[in-house]
Amino acid sequence: MAEVTIVGGGLAGCEAAWQLAQRGLSVTLIEMKPAQISPAHSTPLLAELVCSNSLRSDDATTPAGLLKAELRQLDSLIIACADATRVPAGDALAVDRHAFSRLVTTRIALLPQIRLVRCALDRIPEGPVILAGGPLVGAGLAREIRRLAGDRLYFYDAIAPIVDAATIDWSYAFRASRYGKRHASDARASDARWGKAPRASPEEGGREGPPGMEGDYVNCPLSEVEYRAFVDEVRRGRKVAPKTFEEPRYFEGCLPIEVMADRGDDVLAFGPMKPVGLDDPRPGAAHPYAVVQLRAENRYGTSYNMVGFQTRLAYPEQKRIFSLIPALRHAEFVRYGSIHRNSYLHSPSLLDEELRLRTQPRVRFAGQITGVEGYIESTAIGLLCARFVADRLAGKTPSPPPPTTAIGGLYHHLVRARQPGEPFSPMNVNFGLLPPLLERAKKRDRRTLHAERAKMALASWLQ
Ligand SMILES: Cc1cc2nc3c(=O)[nH]c(=O)nc-3n(C[C@H](O)[C@H](O)[C@H](O)COP(=O)(O)OP(=O)(O)OC[C@H]3O[C@@H](n4cnc5c(N)ncnc54)[C@H](O)[C@@H]3O)c2cc1C
């Protein structure tokens with residue numbers, strides 16, 4: 001039997017170990033607890049849920065519900081244990097956290113193919129290895145990973161919110177690049193020149209905004225009165241307090257918007273909201289006092305991130321305060337902004353399509369450290385990584401999951417080609433990661449259509 005070593009007995013590591021064992025492979029699973037314990041963990045059990053006991057919605061027409069439905073079909077250990085220990089929580093799959101982790105620990109311990117070793121590893125072991133040390137990976141191993149990944153291993157998330165493009169009010173927005181640079185018409189040619197994945201053409205379902213406006217950014221202008229009211233609310237808004245183990249030491253180039261707002265009335269207007277080089281082309285429009293810029297988050301242009309808008313504002317406050325920006329008054333958020341401690345890689349430039357380190361292909365990564373976020377997302381990447389390893393060891397070429405599935409959307413977010421310096425931020429599962437539907441439909445129906453399309457794609461992939 002070929003032997004694979006997995007470092008980290010969290011959600012991704014346990015899922016990967018289980019998947020490999022089911023395929024007859026021998027696994028050494030290394031977990032540092034209880035000898036060494038991260039500031040968020042508190043028990044010696046495997047697959048510990050460090051915060052909420054909810055794995056989110058179980059309705060298959062929501063992104064989280066769809067991902068869980070797919071994981072069930074893929075014989076996930078984590079979801080099976082969650083189903084077996086669920087507690088009443090409406091549409092959500094919530095679990096008795098101790099019963100859940102105990103069950104995962106027992107099922108792993110009972111498998112003869114898995115050898116569980118309790119020690120903190122600070123060297124990368126020999127042979128095929130999956131590193132699944134999670135968002136708070138032990139310091140020794142983090143140093144080793146940093147030696148391989150350089151400054152492309154990050155220790156903090158500073159995430160800007162993402163807006164559903166269909167909910168932008170285009171009568172208050174205009175498309176343009178600063179000083180008119182790099183118009184959309186030549187952007188595709190430029191992408192090709194730099195070896196980037198090409199953005200989708202309208203025929204492939206890509207969205208380009210209203211005709212007559214071109215440019216890489218969607219700009220949301222504010223008058224001086226609107227800007228001042230916005231800054232006041234950002235200052236006043238409720239913020240999420242850092243955890244005791246999170247020292248909020250911010251980089252000057254990546255400050256939260258509330259820190260900038262506190263530093264002075266016009267700091268945001270000279271920072272991420274600066275309007276220079278952005279003329280509003282709409283007839284009769286005055287030059288904006290400030291501008292929120294939105295940049296496409298995917299090649300289809302179905303979701304946009306708010307550039308430079310990392311924030312610790314509480315989620316309901318983000319919804320309330322960002323709706324003061326006229327173009328975002330009805331906006332729906334695919335993801336809210338946040339700042340927290342989180343070790344993750346710039347996976348698109350470091351990992352190949354099998355989640356292998358390009359410079360050392362025997363080393364793979366799984367779980368949150370790859371740049372997904374959340375219990376089920378980390379589980380999904382653990383599962384995929386194990387399938388890739390098992391296929392390779394069986395002499396087969398792994399086939400990636402289709403991008404129209406929830407698991408495929410997450411996976412493609414990690415491996416879509418990007419240059420080393422290009423922005424990449426961790427992601428929860430959401431429909432913005434999937435190619436847009438080709439048919440027009442109401443929001444409620446869109447969710448059902450996404451779920452149906454994903455189900456068919458998963459079935460043909462599994463065949
Ligand atoms: C404070 C906090 C709150 C969170 N709240 C939520 C939430 O409410 N909902 C949600 O969906 N997600 C939440 N997350 C994210 C969630 O914890 C992760 O998505 C998920 O646990 C990641 O799974 P993983 O297997 O990649 O890592 P983990 O589950 O963290 O597992 C990693 C394992 O590796 C072990 N390990 C680390 N380094 C070494 C080493 N050198 N040698 C041996 N073992 C090692 C660790 O002890 C741990 O058991 C939260 C994260 C944090 C930090």
Side-chain angles (χ1 to χ4, degrees), residues 5-18 28-57 63-64 67-68 76-78 82 92-95 97 100-101 104-105 108 116-125 129-146 155-157 240-246 315 338-345 347 355 364-386 410 414 426-429:
T5 306
I6 299 177
V7 186
L11 296 158
C14 289
E15 184 64 55
W18 163 264
T28 299
L29 176 61
I30 301 178
E31 169 52 52
M32 69 180 184
K33 295 190 295 176
Q36 195 174 312
I37 200 150
S38 90
H41 291 82
S42 60
T43 77
L45 295 169
L46 301 179
E48 189 176 334
L49 303 180
V50 293
C51 188
S52 165
N53 67 332
S54 170
L55 276 63
R56 317 211 296 280
S57 173
L67 181 60
K68 282 196 284 294
S76 158
L77 168 73
I78 295 299
L93 172 55
V95 300
R97 67 175 70 240
F100 165 77
S101 297
V104 176
T105 308
I108 291 284
L116 178 60
V117 177
R118 300 274 190 169
C119 74
L121 213 75
D122 51 14
R123 284 278 138 84
I124 296 176
V129 58
I130 298 178
L131 300 180
L136 303 172
V137 58
L141 188 59
R143 262 195 306 277
E144 271 292 281
I145 299 172
R146 192 157 179 116
F155 293 99
Y156 265 90
D157 256 359
V240 176
K243 301 256 188 278
T244 47
F245 59 87
E246 292 179 326
Y315 289 177
S338 65
I339 299 180
H340 55 205
R341 205 178 127 189
N342 183 22
S343 309
Y344 70 98
L345 300 167
S347 289
L355 304 170
R364 287 176 158 86
F365 286 86
Q368 181 139 332
I369 199 163
T370 60
V372 292
E373 217 167 79
Y375 302 145
I376 53 170
E377 289 82 350
S378 303
T379 300
I381 300 303
L383 185 147
L384 269 186
C385 188
L410 272 178
L414 302 183
M427 194 65 94
N428 283 129
V429 64

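Quick note: residue numbers are just sequence positions, from 1. For ligands, and for the atoms within them, numbers begin at 1 and follow the listed sequence. None of the values given here were measured: they were computed from a predicted structure.
- By the side chain to side chain donor-acceptor pair (under 3.5 Å) test, Thr105 pairs with no residue at all, sequence neighbours left out.
- Between the side chain of Arg118 and the main chain of Lys33, a donor-acceptor pair closer than 3.5 Å is present.
- From Thr5, atom OG1 reaches atom CD1 of Ile130 across 9.5 Å, with rounding to the nearest 0.5 Å.
- A donor-acceptor contact closer than 3.5 angstrom is absent between the side chains of Thr379 and Glu15.
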Taking a 3.5 Å cut-off between nitrogen or oxygen atoms, can you list every pair linking ligand 1 to the protein, with distances?
{"unit_1": "ligand 1", "atom_1": "8 (O)", "unit_2": "Ser52", "atom_2": "N", "d": "3.3"}
{"unit_1": "ligand 1", "atom_1": "11 (O)", "unit_2": "Tyr375", "atom_2": "N", "d": "2.9"}
{"unit_1": "ligand 1", "atom_1": "19 (O)", "unit_2": "Gln368", "atom_2": "OE1", "d": "2.3"}
{"unit_1": "ligand 1", "atom_1": "19 (O)", "unit_2": "Gly374", "atom_2": "N", "d": "3.1"}
{"unit_1": "ligand 1", "atom_1": "19 (O)", "unit_2": "Gly374", "atom_2": "O", "d": "2.9"}
{"unit_1": "ligand 1", "atom_1": "19 (O)", "unit_2": "Ser378", "atom_2": "OG", "d": "3.2"}
{"unit_1": "ligand 1", "atom_1": "25 (O)", "unit_2": "Leu11", "atom_2": "N", "d": "3.1"}
{"unit_1": "ligand 1", "atom_1": "25 (O)", "unit_2": "Ala12", "atom_2": "N", "d": "2.9"}
{"unit_1": "ligand 1", "atom_1": "26 (O)", "unit_2": "Gln368", "atom_2": "N", "d": "2.9"}
{"unit_1": "ligand 1", "atom_1": "38 (N)", "unit_2": "Gly138", "atom_2": "N", "d": "3.0"}
{"unit_1": "ligand 1", "atom_1": "41 (N)", "unit_2": "Leu121", "atom_2": "O", "d": "2.8"}
{"unit_1": "ligand 1", "atom_1": "42 (N)", "unit_2": "Leu121", "atom_2": "N", "d": "3.1"}
{"unit_1": "ligand 1", "atom_1": "44 (N)", "unit_2": "Met32", "atom_2": "N", "d": "3.0"}
{"unit_1": "ligand 1", "atom_1": "47 (O)", "unit_2": "Glu31", "atom_2": "OE2", "d": "2.7"}
{"unit_1": "ligand 1", "atom_1": "49 (O)", "unit_2": "Glu31", "atom_2": "OE1", "d": "2.7"}
{"unit_1": "ligand 1", "atom_1": "49 (O)", "unit_2": "Glu31", "atom_2": "OE2", "d": "3.2"}

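- Scored by the side chain to side chain donor-acceptor pair (under 3.5 Å) test, Asn342 finds Asp157, Gln368, Glu373 as partners (sequence neighbours excluded).
- Pro63 pairs by the side chain to side chain contact (heavy atoms under 4.5 Å, CB included) definition with Val429, Phe431, not counting sequence neighbours.
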